[in-house]
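What follows is a single structure, written as structure tokens, with notes after it.
We number each residue from 1, following the sequence as shown. Quantities reported herein were computed from a predicted structural model and do not represent experimental measurements. Counting convention: from 1, in listed order, for ligands and their atoms alike.
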Amino acid sequence: MKPEWLERDNIVRKKGISVEEFVMNFEEPNKPVLLEGCIDNWAALQKWDKDYLVSVCGDVKFAAGPVEMRLQEYFRYSDQVREERPEDLFSVLGNERPDYRWVIIGPAGSGSSFHIDPNSTSAWNAVIKGSKKWVLFPPDVIPPGVYPSPDGAEVACPVSIIEWFMNFYGATKNLKRRPIECICKAGEVIFVPNGWWHLVINLEESIAITQNYVSRRNLLNVLDFLKRPNAGELVSGTRDRVNLHDKFENAVESTFPGTIDRLVQKAEEKRAQGKKPSFWDSVTDSHAGAFKFSF
Ligand SMILES: O=C(O)CCC(=O)C(=O)O
């Protein structure tokens, strides 16, 4: 990684913010934020290293890209790997809901090429060891060099992460809507709002945990996503992709009756407030009750 690829750090950083402040200033407006100091009391920060993880789950098989490996085998591979595109190690937890929590372990240079997180969920990603460079684009800006299929089911990114930096990064400084960027270090947590494109590269050997979640803030987005006509291809992390929408909606409704209706109503009110004036609104001077054409 060239130093100039790491220099830009324009994410908002917060230390010691309350849940209310997070929801109001970041989750609600769907903006990324880097949270400092909020996992200082996690035992993992002191305990987790490769030897410890091998000692507690040495026999468990993990997904390492397209193959399954035991942790020890993966570390034997990652310790000597020099290829540019090594795989990450994912451990998927939970069996009732779509996959939602992962341990991500990889050597320097490994990472995740541009993608949007599954099922329209938001996520947090906490770095336990090492550090990660993040580049994030808002949902309506497709990153340069990335080609999503029209239905959104596939993303073609014809270059590796390093090649993306070499071929496209330089031009991002001239973009009207520049990406949000940062280096997230051990002990820090980044919030990844739903729908945001992101690319991540491990700057050194790193261990992180990440969780994707649905809150009231993105519940309607998630329900919309699960209801798309091509849900069979789009929905991920579960076998029963097509029925997930109904199952989820019913479960939310029975656990929190009326929540969905209230959220729909709130969203409609918000839309009405933020609605652009129609042509007639814009040419009518509401105070004078007359047209205000000008040529
Ligand atoms: O820590 C990483 O490599 C990034 C993970 C990521 O982008 C994700 O879980 O969506």
Under the side chain to side chain donor-acceptor pair (under 3.5 Å) test against T121, which residue among N218, N221, N212 passes? N212

Any atom of ligand 1 sitting under 4.0 Å from a heavy atom of A208? no

Could you check whether R8 pairs with E181 (Lys NZ or Arg NE/NH1/NH2 to Asp/Glu carboxylate O, under 4.0 Å)? yes

F75 six-ring face occupied by K50 cation (under 6.0 Å, within 45°): yes

Ligand 1 N/O within reach of S112 N/O, cut-off under 3.5 Å: yes

Is there a polar contact between ligand 1 and N202, counting only N or O atoms under 3.5 Å apart? no

Proximal ligand 1 atoms for K132, defined as those under 4.0 Å from one of its heavy atoms: 1 (O), 2 (C), 3 (O)

If we number the atoms of ligand 1 from 1 as shown, the ones under 4.0 Å from a heavy atom of H115 are 6 (C), 7 (O), 8 (C), 10 (O)

R13/E36 salt bridge by N-O under 4.0 Å criterion: yes

Identify, by atom number and element, the atoms of ligand 1 in contact range of N125, meaning under 4.0 Å from any of its heavy atoms. 1 (O), 2 (C), 4 (C), 5 (C)

Does A251 offer a backbone N or O that forms a donor-acceptor pair with the side chain of T255 under 3.5 Å? yes

Ligand-side contact atoms (ligand 1) for residue partner D117, heavy atom cut-off under 4.0 Å: 8 (C), 10 (O)

One thing to verify: whether R177 and D140 come together as a salt bridge, which I'm taking to mean a side-chain N less than 4.0 angstrom from a carboxylate O. yes

